[in-house]
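Written out below as structure tokens is the structure these notes cover.
Both backbone and side-chain heavy atoms feed into the values below; hydrogens, waters and symmetry mates do not. Sequential numbering from 1 along the given sequence is applied to the chain's residues.
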Amino acid sequence: QVQLVESGGGLVQAGGSLRLSCAASGRIFSINTMGWYRQVPGKQRELVTNITRRGSTNYADSVKGRFTISRDNAKNTVYLQMNNLKPEDTAVYYCNADRITYVGGTYYLDSWGQGTQVTVSS
């Protein structure tokens, strides 16, 4: 069973920073694209940013210039550095991995973390 464990959420004032982490556990051979999504009550989950295994990145327009995604393939971990946070960034942030392949060949598609709350006060 895939386990993606997120950490780093919390409460911060507008203009502040937070760093989220998401680690995949197990004997992993490779992970393709990893990303961060966010969701507020009553709205659909939306893509914030993602990064391929080789490091190509993609950002939602609303976070460009403020958020930075990175990953450590050796640690099977993806990070999200969030700077200059705004109240509209308040949401539950979810980590996603589109394909995780384990040693032995088993793979899982579209895996999600449990979510971490980010609250930005004005």
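Under the salt bridge (charged side-chain N to carboxylate O under 4.0 Å, His left out) criterion, the residue pairs touching residues 55-65 are Asp61-Lys64, with sequence neighbours excluded. Within the structure, the ring pair (Phe, Tyr, Trp, His ring centres under 6.0 Å) test picks out no pair touching residues 46-86 (sequence neighbours left out). For residues 37-92, the set of pairs meeting the disulfide bond (SG atoms under 2.5 Å apart) definition, not counting sequence neighbours, is empty.
Annotation: side chain to side chain contact (heavy atoms under 4.5 Å, CB included) contacts of Lys43 (sequence neighbours excluded): Val40. The side-chain hydrogen bond (donor to acceptor under 3.5 Å, both in side chains) search around Gln114 returns none, not counting sequence neighbours. Taking the side-chain hydrogen bond (donor to acceptor under 3.5 Å, both in side chains) definition, one finds that Asp72 meets it with nothing, sequence neighbours left out. Under the rule for a ring-ring contact (aromatic ring centres under 6.0 Å, His included), the partners of Tyr37 that lie at least two apart in sequence or sit in another chain are Trp112. Remark: Thr119 pairs with Gln117 by the side-chain hydrogen bond (donor to acceptor under 3.5 Å, both in side chains) rule, at least two apart or across chains.
Distance check: Ser17 OG to Asn84 CG gives 8.0 Å after rounding to the nearest 0.5 Å. Rounding to the nearest 0.5 Å places CD of Gln81 at 8.5 Å from CG of Leu18. Atoms OG and CZ, on Ser21 and Arg71 in that order, are 14.0 Å from each other to the nearest 0.5 Å. The CD atom of Glu46 sits 9.5 Å away from the CD atom of Gln39 when rounded to the nearest 0.5 Å.
Considering all non-hydrogen atoms of both residues, Asn76 and Met34 come closest at O-CE, 4.4 Å.
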N/O donor-acceptor pairs under 3.5 Å from side chains in residues 22-32, not counting sequence neighbours:
none

Below 3.5 Å, can you tabulate the donor-acceptor pairs from side chains in residues 50-57 to any protein atom, sequence neighbours excluded?
from	atom 1	to	atom 2	distance (Å)
Thr52	OG1	Arg54	N	3.4
Thr52	OG1	Gly55	N	3.2
Thr52	OG1	Ser56	N	3.0

Mind listing the side-chain donor-acceptor pairs of residues 90-101 below 3.5 Å, one per line with the distance, residues two or more places apart or on another chain?
from	atom 1	to	atom 2	distance (Å)
Thr90	OG1	Pro87	O	2.9
Thr90	OG1	Val120	N	2.9
Thr90	OG1	Val120	O	3.4
Tyr93	OH	Arg38	NH1	2.9
Tyr93	OH	Asp89	O	2.6
Asn96	ND2	Asp110	OD1	2.9
Asn96	ND2	Ser111	O	3.2
Asp98	OD1	Thr33	N	2.9
Arg99	NE	Thr101	OG1	3.3

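Applying the under-4.5 Å side-chain rule to Ile, Leu, Val, Met, Phe, Trp and Tyr, the cluster around Tyr107 extends to Leu109.
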Step-by-step side chain to side chain contact (heavy atoms under 4.5 Å, CB included) determination, Glu6 to Leu20: CA-CA 7 Å; Glu6 299 142 344; Leu20 306 183; over 6 Å; no
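Within a 6.0 Å sphere centred on CD of Gln3, heavy atoms belonging to other residues, nucleotides or ligands number 12 at most.
Between Trp36 and the choices Leu47, Ile69, Val63, the side-chain contact (heavy atoms from CB on, under 4.5 Å) rule is met once, by Ile69.
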